Amino acid sequence: PPYMHNGSLADLMQTVRHYEKPGIDRPSRSPLLVQISLTDQQRLDLVAFLETLSGAAEDAAKPQLPD
């Protein structure tokens with residue numbers, strides 16, 4: 001956390017609820033974006049699953065960029 005490109009969602013539950021919405025109605029919106037309806041239990045189950053996907057951060061050297 002936080003989630004989204006701007007850090008506007010504080011936790012996974014807020015993020016799941018955000019993705020239940022179909023998005024802004026505009027010509028460029030994909031027809032694949034449809035509203036979904038999850039039950040409270042489905043939301044809890046999804047968040048519990050997503051929380052299992054975390055792991056320890058790996059130590060990785062930052063790439064050396066050219067001048």
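Values in this document were obtained by computation on a predicted structure and should not be read as measured data.
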Output the distance between atom [atom1] ([X]) and atom [atom2] ([Y]), rounded to the nearest 0.5 Å.
X: L46; Y: Q42; atom1: CG; atom2: CD; result: 9.0 Å
X: Y3; Y: L50; atom1: OH; atom2: CG; result: 8.0 Å
X: M13; Y: D40; atom1: CE; atom2: CG; result: 8.0 Å
X: Y19; Y: L38; atom1: OH; atom2: CG; result: 14.0 Å
X: H18; Y: S8; atom1: NE2; atom2: OG; result: 7.5 Å
X: D11; Y: E51; atom1: CG; atom2: CD; result: 9.0 Å

- Message: Any heavy-atom pair between the side chains of V47 and T15 that's under 4.5 Å?
- Response: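 SC-SC contact between T15 and V47 ruled out.
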- Item | Pairwise side-chain contact, L9 with R17, heavy-atom cut-off 4.5 Å (strictly under) |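 In short, these two side chains do not touch, never coming nearer than 4.5 Å.
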- Query: How close do A10 and P1 get, heavy atom to heavy atom, and via which atoms?
  - Reply: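 A10 and P1 have their closest heavy atoms at O-CB, 3.4 Å.
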- List the atom of P22, the atom of L33, and the distance in Å for their closest heavy-atom pair.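 Between these two residues, the closest heavy atoms are O-CB, 3.6 Å.
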- Query: Has the side chain of R43 got a donor or acceptor atom that lies under 3.5 Å from a matching backbone atom of V16?
  - Reply: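 Not a single qualifying donor-acceptor pair exists.
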